[in-house]
Amino acid sequence: MESLAKGLLSHFMSYRPQMTPLEELRHSAAHMLGAAVRRLFPQAQLDIGPPTEQGFYYDFDLDHAFTAEDLVKIEEEMRRISKENQKFERMECSREEAERLIAETGQTRYKPGRLADIPAGEQISFYRNGEFLDLCAGSHVRYTSQVKAFKLLHVAGAYHRGDEKNRQLQRIYGTAYPTKDELEQALARAEEAKKRDHRRLGKELKLFHIDEKVGQGLILWTPNGAVVRQQLQDFISEHLFRTGYKQVFTPHIGNLDLYRTSGHFPYYKDAQFPPLVEREAMELLAKEGCGCGELTNRLSEGTVQGFLLKPMNCPHHIRIFASQPHSYRDLPVRLAEFGTVYRWEQSGELNGMTRVRGFTQDDAHLFCTEDQVLGEVLGCLELVKVVLSTLGLSDYRVRVGLRDPDSQKYTGAKENWDKAEAACRAAAATLGVKFTEEAGEAAFYGPKIDFVVRDVIGREWQLGTVQVDFNLPERFDLSYIGPDNRPHRPVMIHRAPFGSMERFVGILIEHFAGDFPTWLSPEQVRVIPLNDDLNADADAAVARLVAAGIRATSDGSSDKLGAKIRRAELSKVPHMLVLGAKEKEAGQVNVRSRADKSFEGNRTLEDFIGLVSAEVRERRLKAHVPAAQPPAAKG
RNA sequence: GCCCCUGUAGCUCAGUCGGCAGAGCGCGUCCUUGGUAAGGACGAGGUCGGCGGUUCAAAUCCGCUCGGGGGCUCCA
């Protein structure tokens with residue numbers, strides 16, 4: 001169903017008749033790419049070549065794998081085509097003529113299918129530039145010479161029609177802009193983006209480590225990164241305490257039956273680490289000579305017992321709720337945990353901290369009455385807002401995921417869904433930010449509200465999420481005693497304002513370019529003695545800072561001041577205190593500050609401690625957080 | 001999982017035609033004791049991701065495998 005939607009999307013991308021001027025330019029570049037490849041590799045079978053938000057691509061089927069040198073040659077050929085100043089000409093024709101033209105050009109592997117996508121009655125058209133003829137609804141620029149500022153970027157695999165059951169094609173990506181300047185700026189922006197890649201900064205600033213001996217997609221939080229994470233957790237915990245949450249701890253595994261009840265096993269089997277089978281069962285199976293297939297069957301049937309690394313925290317929290325009877329007077333019950341979960345992500349999907357196999361959700365489950373749903377959802381949204389605004393993540397959109405009216409996949413009564421969707425819609429409306437309602441985006445167990453944050457490089461990430469759930473309370477037969485002295489079914493709300501600590505910190509690293517606000521900085525203050533004679537004084541200053549709860553170190557190396565300053569700058573320490581003979585004499589320190597220039601100058605250590613303590617207490621963002629720069633994709 | 005690219009010191013990277021393993025940063029020792037982004041000298045540090053093959057000889061060529069990257073697919 002997903003691929004059907006994507007198929008339709010690509011249909012619109014290639015046949016939508018009216019494009020923006022920038023899209024026209026890029027789409028024309030794609031045709032020139034197709035033409036260049038046909039010149040150099042006449043046997044290439046072409047699929048489609050649409051413009052994208054960042055540039056354009058064209059998909060080719062060819063036995064020879066494109067090399068980096070090929071890309072250079074293809075780009076040269078495109079420049080030649082640009083110089084040839086070919087006219088883009090539109091030709092309209094009947095379906096029969098189209099079939100004939102496709103056969104004539106020899107593009108019989110994919111183009112007939114693309115032709116068949118065009119609904120009966122719709123005008124069929126080709127575009128010609130030079131010798132190159134391509135089935136295409138347009139539109140295009142008038143001459144190839146208008147496409148001057150372009151660059152081919154890389155080649156990647158892509159399944160025909162986005163379906164992994166289909167043949168994999170070679171997709172050549174490129175980008176194009178109206179002017180050379182704009183192209184160069186875009187390429188420079190991409191270079192800048194690389195510099196703030198969290199994988200690179202994570203290494204440079206020693207924030208985290210992924211060790212191949214430990215395993216793919218498993219994050220080792222090194223001391224610096226652990227500080228950032230701990231500060232974020234403390235920040236959330238403060239809010240949870242104030243808003244009536246109770247903290248719980250649960251183990252990393254649970255009985256398979258728990259997940260059979262929840263419906264997650266074996267339904268999501270492929271996305272989980274394999275189960276841990278009980279020793280006796282395993283030995284028995286081995287004695288019987290039972291193969292893997294049979295083991296899998298028995299695990300699914302429930303005739304073999306075992307445990308599962310938890311892929312989510314809900315069942316554990318549910319069992320905590322169910323461990324005691326509840327009166328309606330107790331509700332809502334709000335259980336929170338920084339709960340670590342494990343999911344078997346496909347190896348090709350893993351990426352630094354943003355896509356991993358073990359991660360910690362800042363999770364909570366709220367158990368409430370139907371009447372409390374709106375209020376509780378509002379509370380959750382408020383928390384997400386506080387989180388985003390405290391961290392300066394101001395560029396986000398809100399997506400309300402609703403049922404797909406035509407689908408049968410949803411569980412729960414219609415009245416419940418109506419109520420929950422109304423609650424989500426009403427809650428989102430109070431946010432004061434734009435939100436979109438998207439049918440079919442609901443989870444199978446209930447509607448949800450997602451916060452999609454756009455990072456400094458313009459990519460979108462789903463972070464905070466609030467989900468209303470009727471399904472699990474039903475499956476686990478949860479109840480509370482209502483005022484009528486009869487059992488009632490509670491509603492569950494799942495929410496995670498950060499999403500996961502790993503992904504959130506990864507995105508924060510890029511958002512701040514490693515330049516964390518002081519409250520999150522692994523090291524907040526570096527004391528720099530001017531010479532060895534002052535090392536002891538520097539250590540004494542550090543002791544006073546640490547006693548005041550400030551993360552500080554001193555640099556007692558035998559380098560010159562400039563080198564020490566440079567080292568502190570590169571480590572992105574927000575405040576530096578230079579201690580020389582003059583300062584010692586005056587009983588002061590000289591403040592050099594990346595974080596807050598108003599701190600700079602000579603002041604006593606007490607003054608400075610007061611300033612930094614306030615900065616940290618208020619979780620102030622530094623003044624020079626780089627403003628979000630969405631890519632200049634709009635024409 | 002699939003396609004393509006890639007793997008040399010803690011980090012960033014050079015290594016030509018197959019012929020003794022290199023640089024900068026970092027680290028250690030010593031000299032230097034200074035005023036806001038790099039003072040100097042010496043030194044330690046390597047199973048060239050792993051396994052196998054071709055060869056008189058492999059970081060270099062081939063196969064397999066593990067990890068990383070760019071995409072596709074996926075993401076309860």
Side-chain angles (χ1 to χ4, degrees), chain A residues 2-3 6 57 59-62 64-68 70-71 153-173 194 197 199-200 203-206 209-217 259 262-265 267-272 311-315 341 343-352 354-357 359 409 442-446 448 462 465 467 469 471-472 494 499-500 503 528-535 556-571 576-583 590-594 600:
Chain A
E2 187 73 12
S3 55
K6 291 222 169 125
Y57 66 81
D59 285 348
F60 303 96
D61 192 351
L62 182 67
H64 163 79
F66 290 123
T67 63
D70 291 338
L71 235 51
L153 300 171
H154 54 266
V155 55
Y159 297 106
H160 172 54
R161 292 185 188 273
D163 186 339
E164 62 181 327
K165 287 186 206 74
N166 287 340
R167 196 175 162 92
Q168 196 159 42
L169 311 177
Q170 298 186 69
R171 176 171 294 177
I172 296 181
Y173 282 92
K194 270 191 207 163
D197 188 310
R199 293 166 299 189
R200 176 184 174 139
K203 213 175 261 182
E204 280 174 16
L205 301 174
K206 300 185 177 73
H209 174 63
I210 299 172
D211 193 293
E212 62 178 276
K213 293 240 169 15
V214 173
Q216 284 184 289
Y259 301 100
S262 72
H264 289 100
F265 188 87
Y267 187 52
Y268 288 108
K269 182 163 51 70
D270 293 341
Q272 295 158 354
M312 79 288 301
N313 302 302
C314 335
V341 298
R343 299 182 187 179
W344 188 261
E345 301 289 354
Q346 297 186 81
S347 62
E349 248 330 308
L350 299 172
N351 179 283
T354 55
R355 197 74 187 270
V356 293
R357 285 186 173 160
F359 56 96
K409 72 169 181 174
F444 69 89
Y445 49 73
K448 58 179 186 167
Q462 188 197 307
T465 181
Q467 308 178 349
D469 182 0
N471 178 51
L472 289 179
H494 309 242
S500 90
R503 175 176 290 185
I528 302 179
L530 195 62
N531 59 47
D532 287 358
D533 297 339
L534 294 156
N535 282 355
S557 69
S558 65
D559 287 308
K560 298 207 296 189
L561 177 61
K564 294 185 188 185
I565 296 276
R566 177 182 153 82
R567 192 155 44 234
E569 288 282 351
L570 290 176
S571 310
M576 284 159 255
L577 302 181
V578 176
L579 184 57
K582 281 184 268 176
E583 286 78 15
N590 180 265
V591 184
R592 174 184 166 117
S593 184
R594 298 163 57 74
E600 295 199 334

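Sequence lines set the chain letters: A, B, ... in the order given, protein chains first and strands last, and positions in each chain run from 1. Source: prediction; values computed, not measured.
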* Could you please spell out the steps behind the side chain to side chain contact (heavy atoms under 4.5 Å, CB included) verdict for A:H494 and A:L472? => CA-CA 11 Å; A:H494 309 242; A:L472 289 179; 3.9 Å; yes
* **A:H154/A:Y173 under ring pair (Phe, Tyr, Trp, His ring centres under 6.0 Å): CA gap, chis, key distance, verdict** => CA-CA 5 Å; A:H154 54 266; A:Y173 282 92; 5.0 Å; yes
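An OP1 or OP2 oxygen of B:rG68 is reached within less than 4.0 angstrom by a side-chain nitrogen or oxygen of A:Q216. When the side-chain nitrogen and oxygen atoms of A:R199 are compared with OP1 and OP2 of B:rG70, one or more of them lie within a distance under 4.0 Å.
Rounded to whole angstrom, the span from the CG atom of A:D211 across to the C1' atom of B:rG10 amounts to 13 Å. Spacing between atom NZ of A:K206 and atom C1' of B:rG26 amounts to 8 Å, rounded to whole angstrom units. In this structure, the OH atom of A:Y268 is 14 Å from the P atom of B:rC74, given to the nearest Å. Summarising the geometry, the separation between NE2 on A:H64 and C1' on B:rC5 is reported as 14 Å, rounded to the nearest angstrom. Rounded to an integer number of Å, the gap from A:Y57 OH to B:rC3 P is 20 Å.
Picking from B:rG67, B:rU12, B:rG70 the nucleotide with the shortest atom distance to the side chain of A:K203 gives B:rU12.
Evaluation of the salt bridge (Lys or Arg N to Asp or Glu O under 4.0 Å) rule for A:E583 yields no partner, not counting sequence neighbours.
At a cut-off of 3.5 Å, with distance as the only test, no side-chain donor of A:H160 or A:D61 sits close to an acceptor on the other residue.
A:R566 has no carboxylate O lying under 4.0 Å from a charged side-chain N of A:D559, or vice versa, which leaves the two without a salt bridge. By the 4.0 Å N-to-carboxylate-O rule, A:K213 lies too far from A:D211 to be salt-bridged with it.
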* Nucleotide-resolved protein contact map, nucleotides 28-44 of chain B, B/S/- at heavy-atom distance under 4.0 Å -> ---BBBBBBBBB-----
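Paired regions of RNA chain B, where each region holds three or more successive Watson-Crick or G-U pairs whose two hydrogen-bonding distances fall under 3.5 Å, are B:1-7 with B:66-72, B:10-13 with B:22-25, B:27-31 with B:39-43, B:49-53 with B:61-65.
For the pair A:Q272 (side chain) and A:H264 (backbone), a donor-acceptor distance under 3.5 Å is present.
Atoms CD and CG, from A:Q216 and A:L350 in turn, are 5.5 Å apart once rounded to the nearest 0.5 Å.
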